[in-house]
Amino acid sequence: MDTVELPLISLRRERRRWLQKLPHVLPAAMLIGAGVNRLRSGEQGFGLVLALVELAVSILLLRMLVKEVAAVWRTHAPHHKGIDWFEIFAAGVLAAEAFEHWHHTGHLQRPVVLTALLTLALGLFHRQFLGFIGPRRSLRIDEAGIRVRSRFRPQLFAPWPDVERIDLQETARRASSRGEARNGGLT
């Protein structure tokens, strides 16, 4: 028998992770307002470019937020297999904020620029960061039995002689996701 190992993804954890992205909405909305005001005032040169960049990155960030919210609430977690575009656009919003401040005051906010660069790195190397930390929980099926591995809890193990049956019906999956069947269909 081949060994099968599956990562276990908690929808509750993914929804909490999504809630951590909400603070990016307010700066994006404020940048949309600033970009519209710049366009209305008839800015030329760098001011016009800055207004267009502010509008573009803010709208793209809000669009990615809506896409991720829809994915999380459709009962499956978004799987980032490479670049995390939300983080890329969040870095763009931070950079636009820094350039907005620089355009008004002539002073570049170095902490905001550093945060933008770190956020950009998080977005570009998202897959590598996830590979470094690895899956927190996983289900492993091998010839000895079924194991549920967790980083901080003791490993759960059910040898094959102790397993009576495994239900893979859709109703069992729905009931276990609501917490009705505590064993998740494994008897």
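Numbers here simply count residues along the sequence, with the first being 1.
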Note: Glu100-Arg38 ion pair, threshold 4.0 Å (strictly below): yes

Roughly how far, to the nearest 0.5 Å, is CG of Asp2 from CD of Glu143? 9.0 Å

Listed by chain and number, what are the side-chain contact (heavy atoms from CB on, under 4.5 Å) partners of Thr119, not counting sequence neighbours? Glu87, Ala90, Ala91, Leu94, Thr115

With the side chain counted from C-beta on, respond yes when Val66 and Glu68 share a heavy-atom pair under 4.5 Å apart, and no when they do not. no

When you group the ILVMFWY residues by side-chain heavy-atom contacts below 4.5 Å and let the links chain together, are Leu114 and Ile88 in the same group? no

Under the criterion side chain to side chain contact (heavy atoms under 4.5 Å, CB included), I'd like the reasoning laid out for Arg147 against Leu156: C-alpha separation, chi angles, the key distance, then a yes or no. CA-CA 6 Å; Arg147 287 181 174 79; Leu156 299 174; over 6 Å; no

Here the pair of heavy atoms bringing Ala96 nearest to Leu31 is CB-CD1, 3.8 Å

What is the minimum heavy-atom distance between Ala116 and Ala95, and which atoms define it? CB-N, 3.9 Å

Do Leu6 and Ile141 share a hydrophobic cluster, counting only Ile, Leu, Val, Met, Phe, Trp and Tyr and linking them when any side-chain heavy atoms are less than 4.5 Å apart? yes

Flag yes if Leu118 and Phe125 sit in one hydrophobic cluster, no otherwise; membership is Ile, Leu, Val, Met, Phe, Trp, Tyr, and two members link when side-chain heavy atoms are under 4.5 Å apart. no

Grab the two heavy atoms, one from Val112 and one from Ala98, that are nearest each other, plus how far apart they are. CG1-CB, 3.9 Å

Taking every non-hydrogen atom, the tightest pair across Ser138 and Glu5: OG-OE2, 3.0 Å

Measure the spacing between CD1 of Ile146 and CG of Leu139 and express it to the nearest 0.5 Å. 6.5 Å

Step by step, work out the side chain to side chain contact (heavy atoms under 4.5 Å, CB included) result for Ile59 and Leu62. CA-CA 5 Å; Ile59 290 170; Leu62 294 175; 5.8 Å; no

Can you measure from CG (Leu65) to CG (Leu22) and round to the nearest 0.5 angstrom? 6.0 Å

Applying salt bridge (Lys or Arg N to Asp or Glu O under 4.0 Å) to Glu97 and not counting sequence neighbours gives none

Side-chain touch Leu39/Leu52, heavy atoms, less than 4.5 angstrom: yes

Which value, rounded to the nearest 0.5 Å, describes the distance between Leu120 atom CG and Phe89 atom CZ? 11.5 Å

CD1 on Ile83 to CG on Leu124, rounded to 0.5 Å: 5.5 Å

If you measure from NE2 on His126 to CG on Leu122, what distance do you get to the nearest 0.5 Å? 9.0 Å

How far apart are the closest heavy atoms of Leu61 and His24, and which atoms are they? CD2-O, 3.6 Å

Okay, side chain of Asp142, backbone of Gly145: is any donor-acceptor separation there less than 3.5 Å? yes

Side-chain heavy-atom pair Val93, Glu54 within 4.5 angstrom cut-off: no

Less than 4.5 Å apart, any side-chain heavy atom of Met30 and any of Leu26? yes

Give the C-alpha distance, both sets of side-chain angles, the deciding distance and a yes or no for side chain to side chain contact (heavy atoms under 4.5 Å, CB included) between Met64 and Leu60. CA-CA 6 Å; Met64 285 306 300; Leu60 289 170; 5.7 Å; no

With clusters built from Ile, Leu, Val, Met, Phe, Trp and Tyr whose side-chain heavy atoms come within less than 4.5 Å, directly or transitively, what are the remaining members of the cluster of Trp102, listed by chain and number? Phe46, Leu50, Phe99, Leu108, Val113, Leu117

